[in-house]
Amino acid sequence: MEHVQKNDMKTLSSCTQKLKEFGFTEEYVVKANLIRSIESGEGYTADQVKILNFYRFEGESDPSDSSILYVLETKDGKRGLLIDAYGVYADPDIGKFILQVEEINKKPTGSTPN
């Protein structure tokens, strides 16, 4: 597991950039109870996805401006990111999907998924 500086993971944009450097290049959305790659359109059910890590971010000026970044891998080895608002602005479809994922891991701060 790679170790990164905490400052590299402080904001959503810096964290996203650092994870892309580590090979998490797919971007995903949730539609019709599937997680779909924005690039290829390929869809996966919750049992075909592992969440390797996740990060929560709060807006500096407004704590309600929060987001969560999920770092995931699909059954066929594709690795990428799913972003959702956190709290009252969270997407209910993403929340429902995440609850169905059986394998969810949280790594220590300052570490990236394998």
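Throughout, residue positions are numbered sequentially from 1 according to the sequence presented.
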Are Leu72 and Val29 grouped together when hydrophobic residues (ILVMFWY) are joined by side-chain heavy atoms under 4.5 angstrom apart?
-> no
Glu39 (side chain) donor-acceptor with Glu27 (main chain) under 3.5 angstrom = yes
Would you confirm whether Arg36, through its side chain, and Gly41, through its main-chain N or O, come within 3.5 Å as a donor-acceptor pair?
-> yes
Test side chain to side chain contact (heavy atoms under 4.5 Å, CB included) applied to Leu81 and Val71, step by step = CA-CA 5 Å; Leu81 308 171; Val71 183; 4.1 Å; yes
[X] side, atom [atom1]; [Y] side, atom [atom2] - distance, nearest 0.5 Å:
X     : Y     : atom1 : atom2 : result
Lys10 : Lys18 : NZ    : NZ    : 15.0 Å
Gln48 : Glu73 : CD    : CD    : 13.0 Å
Asp93 : Asn33 : CG    : CG    : 8.0 Å
Ile51 : Ile98 : CD1   : CD1   : 3.5 Å
Leu12 : Leu69 : CG    : CG    : 6.0 Å
Ser14 : Phe57 : OG    : CZ    : 6.5 Å

Quick check: do [X] and [Y] have side-chain heavy atoms less than 4.5 Å from each other?
X     : Y     : answer
Asp91 : Val30 : no
Leu34 : Thr45 : yes
Tyr28 : Val49 : no
Thr74 : Glu42 : no
Ile68 : Ile94 : no

Do you know which two heavy atoms are closest between Ala46 and Gln100, and how far apart they sit?
-> CB-CB, 3.4 Å
For Glu58 and Ser66, the nearest pair of non-hydrogen atoms, with its separation, is CG-OG, 3.6 Å
Mind telling me whether Tyr70 and Phe54 have parallel, tilted or perpendicular rings, with 30° and 60° as the class edges?
-> tilted
